[in-house]
Every structure is written in C-alpha cells, then in structure tokens.
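Okay, so here's the structure we're looking at.
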Amino acid sequence: MRARQGLRSAYLRRAPQTVATVATVLGLLTVVDALFAGDRHHARDIPRVLPVPASATATAVTFVAGLLLLRVAAGLRKRKRLAWRVSTAAASAMSIAPLFRAERRILEGVISLVLLALLVAARSRFVANCDPHSRWFAVRVVLQFTGAAFALGIAMTYLSAPTIGQPSIASRLREVAYAMVGADGPVQFRSERFSDVMHGTLLAITLVTVTAFVLLILRSSEPVARLTEEDEQQLRVLLAKQGERDSLGYFALRDDKSVVWSPTGKSAISYRVVLGVALASGDPIGDPEAWPGSIAAFRELVDSYGWTPAVIGCSELGATVFKREYGLNALALGDEAIVDSGSFCLEGRSMRGVRQAHNGADRAGYTLQIRRAHEIVPEELAELRAAAERWRGNGTERGFSMALSRLGSRADPQCVIVTANLGGELHGLLHFVPWGQDGLSLDLMRRDREADNGLNEFMLAGLFAGCRSLGVRQVSLNFAVFREALERGGRIGAGPVLRAWRGVLMFLSRWWQIESLYRFNVKFRGEWEPRFLSYPAARDLPRIAVAALEAEAFLVRPHRLMRLLGRGGAASSRIPDRYAVPRTPVGDVA
C-alpha cells in the first residue's frame, strides 16, 4: 500500500509534464498522419457528399487538429484546468474514433487511451486559471468570424448567378452552414470549380475560427500592472530599512509594476506579466530572511494562473535563494558597474580617456549643477522633462529592471539630478535614484545631440567629485549585458565558441547598445557586480527572452494589435486580494 501511494505521489508531482509529453506525441502523430498518410484512408473516412476533394479536406482538418493538440499540450504543461477539460474530451473522442474508421489506427487509439487514463488520474493537479476575459473575447471572435463567413457565403451564392434555379434564402443559409463544416447542402451550382472554391473557403474560415477560439480560451491572463498607493507606501518603508542591499530596489516603485507580499509583510517581489511570463526584477525587497515568504507567495500566484516565472537582474544571493526556494535555474546575464566615489580619481594612465573628455568639456565652458530633486523648482523640473523627451527623439522610452521612467516626480524627492549648461543653456542631464542611505543608481542619461563629445563623462566625473557633499559612497552605473563574453571573447586564445558568441553580441550592437555600454562602463574602472536571469527550464528561455525584450521596450507590440488581440487595461484580470499588502503595517512588524 505504501509503495502504491509513493508511486502515485511521484506521478502526481510530474503529472503535468508527463501528460503534456504524451499529448505532444499524440499531436505530432496527428500532424504526421495528416501530411504523409495520403489518400489511403481519408477518402473512405469522409462522406461522399463532400463537394471538395475528400483527401484535401481530411488533411486540413487533421492537420489543424494536430496543431491544436500541441497547443493544448502546452496548456497542460502549465497545469491549466481548461486545457485538462479540452484534452480529456479530445482523448475520449480519439480513443473510440479508430473503431469507426475503415482502417484502424491502433497506435493513435492506444496513445489516446493512455492519455485519457493519465489525465483522469492526475485531475487534481490541473488547477491553473486561464484568462476569464479571453473566454468572452473568444466567443465574440467566433460570432464575428461566423457572421463574416455567412455574409461571404450568401454573397457568393448570388455572385454571377452561379446556382441552378432560384433557391430561397433559407436554402442558401443552409448551404453556407453545411459548407462551413465540409458537407454538401441543398443548393446546386452550375460550376463544380466554383462550388469547390466556395466550400473550401468557408471550411478554411471554420478552421481558422476554431483555431482562434482554442488559442484565446487557453491563453494566460496578462493583467495590466499597476502599483497601488498602499503598495508604494509599504515598499518605501522596506527600502528605508533594507534598500542598501540591492541597487535595483528603488526601481520596484515603477508605476507599471505589481507587487506580491510575504505573509508577514517583511518582503515583497515586484513583477509584470508579459506574454504569459511573470517577470520579476532584481532581488526581493526587504529582509533576506523573509524572502522565502514572498517567493512562496509569488510561486502560488504564478501557479494559479499558469504563468512562466522569470527573474531579471537578480544578484548572486537572489539567484541562490530563488534556486533553493523555487527551483529556478540561473544564467549569468551580465554585470553592473559600481564606482566607489571615495576612491575615484581622474589621475593615472587608466583614466586617460575620461580625463581628456572631462578636460575638453571643461575648457569648452560647460558648468555643472548637482542637486536633489526637491531642491529644484517645479518650473525647472518641467523644462528638464521636456528636454529629456526632446533629446530622446522618436525612440521608445525603454526600461523595466533598471529604469524608473519618470523624472522630477514629487514622489522621488531624494533623487539626484545632474545638469550640464553652456552659456546658460541646458545641454545634458543625468538622473539617479537612491540606493539605500549612501548610494545612487543611474536611471537616465540624456544629452543634446549637438553637445560636445565627452559631456557624459564630464557629468559623471563631476558627480563623483560631489558625492561627499551628498553623503553618497557608491554609484551604480549602466548594466553591461554579457560583459564577460565581450571581454574574454576579444582576448588572444579565446575559444571558437566564445569568439562566435562575442561576434553575435557585436552584430546585435548595431541595433542595441550592448558593446558601447560595456566600453563606456569600463572607462570608470569600477567594480563589476554580476547579475543573473533565473528561469524554470531551458525550453522556456525563448519565451522569457521575448517577454524581457518587450518589458524593456526593445520590442513593442503596436497598440492596435493589442486591441485586436483583446489585451486592454479595462478588460484585464484582477489579481486576488490575498496577494496584496498584508493588513499589518510593515513598520509595525517585529
């Protein structure tokens, strides 16, 4: 008995992956059957009344069914309840289908029975919710596609008098309805070719409609992330106590991030859902001893919606805790440059490039101002925001893990703004967010396109010199993606794999500032702090990469496409209240 229970427990732990694998095999067999079975059995399986070639119709229907089964398998892997229901119904139908075929497909029938047994045995494991809004959106799409198909079909029956006689409107509607499911109706056509085209077109619309319906009802929710006022206040309390642990901590206060809290309120994780991936950024906020609580809450939230978890830019400690508590693997993503302002000096051969840039801007007459945001009057802050927007041009405002995406807000009085002027006219600015009590983290670096080269170096060197008056000990600069590959791949003796990877990064640098940011950071001779990407499995990396690129605004889905796909703020799912700020105020927690 104990052995049986142990075996059942072991199966239930791996049930989603096991069932998804079997469903994937069945889907692949179905696709292969559609592509390579030819006319051996399709023609006999389909009624003779079909107005289109039976083998072509069977191939199309079987091929689409196989693809949909592969999509359902992906939903099973994420433990979605609706995917379990769909696949249970499909496995039941496919288990008895061979009994009615002219040629028995024994292998498909056996796999279907195995899949059905596995699904029934593991029904308790499939509890993840799909997007509730998508169900109604899917119904609307089906109604729209069906209406368009009927309109097109009716119009085609009147086109150039293709019918024999004068069938009634009711007969034409029945003909269209039959054609949409691949059957012959009561209307007779003068041209067999026209009949084939009409019926094939309407059947194709039906297959597209069914495909769209299944994809929509199975897709994960993608709620619009919003930081509530209560979440923001509680996060600021945590940052005041533990903010020095992570230079990315302050970026949790972005307006487009949501927060999940530990039961005690001592720790929180900020995240956003993109393309079904729950992207957390940086380490959890708060006391590391409370991180397991927030990670457990994050895991419960992710599992309840079938999202794919990922953490961008966590530290080595954060990656270790996520591995221990969540089982997430770690991939070295790059390094963050951190400069000790107390030891920074422009002297020496290694600082020659920065020194020349600084002296050149100084001789040109540029002047610096280094101020906290609360020291700048609102009118000047408005001018700085306008200048930053103007210098950005038509580019998209980028950032997620290492950007605040707001400048001069009253909510950020301790941010530091560095401005460079020439002849009383603004030519460059830097914006830094607090990093604990004695640190700064670079958020924004903008300059006039007509300004002299080296202006950014001039502003940073001036900031380092003025850090003592600000009470700042260390400054975090830009993030260098895959720094080690860029650095080691260019050395003598580097292996072919490393050289090839560096070549890919150099190629991508034509569009994204990968190599240039690394070169800029190297100039200041700071310390490198490694950052990691935490992820569940290697197969999830492509989806996570695309989601991260969209979150950082390197890829942007057009607004019209988002509306077409039914992704909008008003229609987004609502996160349950149990993941919100605990009722006990953070400041009162012992």
Side-chain angles (χ1 to χ4, degrees), residues 239 242-254 257 269-272 274 277-286 288 291 294-295 298 309-326 328-340 398-404 432-433 435-436 439-443 445 474-489 501-502 505 508-509 512-522 524-536 540-541 544-545 547-554:
L239 290 171
Q242 306 284 345
E244 71 280 355
R245 294 187 180 275
D246 188 8
S247 61
L248 307 187
Y250 199 86
F251 298 120
L253 298 175
R254 283 178 62 103
K257 287 184 178 180
I269 294 177
S270 62
Y271 71 95
R272 186 198 304 173
V274 182
V277 178
L279 289 171
S281 59
D283 294 342
I285 308 298
W291 287 3
S294 60
I295 292 176
F298 180 65
V311 186
I312 306 177
C314 57
S315 67
E316 186 172 359
L317 175 61
T320 302
V321 177
F322 273 108
K323 174 66 175 178
R324 185 185 69 223
E325 300 294 333
Y326 204 158
L328 300 182
N329 300 303
L331 174 67
L333 191 60
D335 296 88
E336 173 189 9
I338 298 177
V339 177
D340 187 335
R398 292 175 176 170
F400 170 69
S401 57
M402 296 187 70
L404 191 61
F432 295 85
V433 300
W435 172 13
L440 295 175
S441 187
L442 179 61
D443 168 47
M445 179 185 294
Q474 55 186 351
V475 179
S476 169
L477 298 181
N478 290 308
F479 177 68
V481 180
F482 300 117
R483 176 194 66 87
E484 286 196 0
L486 291 171
E487 186 176 280
R488 295 169 52 198
W501 178 223
R502 183 179 184 275
L505 295 176
L508 295 176
S509 295
W512 300 323
Q513 296 178 338
I514 298 176
E515 195 260 349
S516 60
L517 282 178
Y518 162 68
R519 296 296 179 191
F520 182 82
N521 289 338
V522 167
F524 297 93
R525 303 297 171 181
E527 298 291 330
W528 293 108
E529 179 72 22
R531 291 285 175 174
F532 297 86
L533 169 68
S534 294
Y535 63 97
D540 298 312
L541 284 176
I544 292 173
L549 288 174
E550 180 170 336
E552 299 285 355
F554 287 102

Closest contact, heavy atoms only, [X] versus [Y]:
{"X": "G282", "Y": "V311", "result": "O-CG1, 3.5 Å"}
{"X": "W528", "Y": "A480", "result": "CZ3-CB, 4.0 Å"}
{"X": "T320", "Y": "E316", "result": "OG1-O, 2.8 Å"}
{"X": "A548", "Y": "I312", "result": "CB-CD1, 3.7 Å"}
{"X": "S270", "Y": "A252", "result": "OG-CB, 3.6 Å"}
{"X": "P288", "Y": "Q242", "result": "CD-OE1, 4.5 Å"}

Heavy-atom distance under 4.5 Å between the side chains of [X] and [Y], does that happen here?
{"X": "F479", "Y": "L248", "value": "no"}
{"X": "L239", "Y": "I285", "value": "yes"}
{"X": "C314", "Y": "R531", "value": "no"}
{"X": "F532", "Y": "K323", "value": "no"}
{"X": "R272", "Y": "R254", "value": "yes"}
{"X": "Y326", "Y": "I295", "value": "yes"}
{"X": "P309", "Y": "L328", "value": "yes"}
{"X": "L440", "Y": "W435", "value": "no"}

Just by modelled atom types, is the [Y] backbone N or O under 3.5 Å from a matching donor or acceptor in the [X] side chain?
{"X": "W291", "Y": "G286", "answer": "yes"}
{"X": "N329", "Y": "P536", "answer": "yes"}
{"X": "D246", "Y": "D283", "answer": "yes"}
{"X": "N521", "Y": "N478", "answer": "yes"}
{"X": "K257", "Y": "F400", "answer": "yes"}

[atom1]/[X] to [atom2]/[Y] distance, rounded to the nearest 0.5 angstrom?
{"X": "I514", "Y": "F482", "atom1": "CD1", "atom2": "CZ", "result": "8.0 Å"}
{"X": "S441", "Y": "F432", "atom1": "OG", "atom2": "CZ", "result": "8.5 Å"}
{"X": "E529", "Y": "S476", "atom1": "CD", "atom2": "OG", "result": "9.0 Å"}
{"X": "S281", "Y": "M402", "atom1": "OG", "atom2": "CE", "result": "10.5 Å"}

### Message
Among D335, L333, L505, which residue satisfies the side chain to side chain contact (heavy atoms under 4.5 Å, CB included) criterion with R483?
### Response
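Going through the options one by one, the only one that passes is D335.
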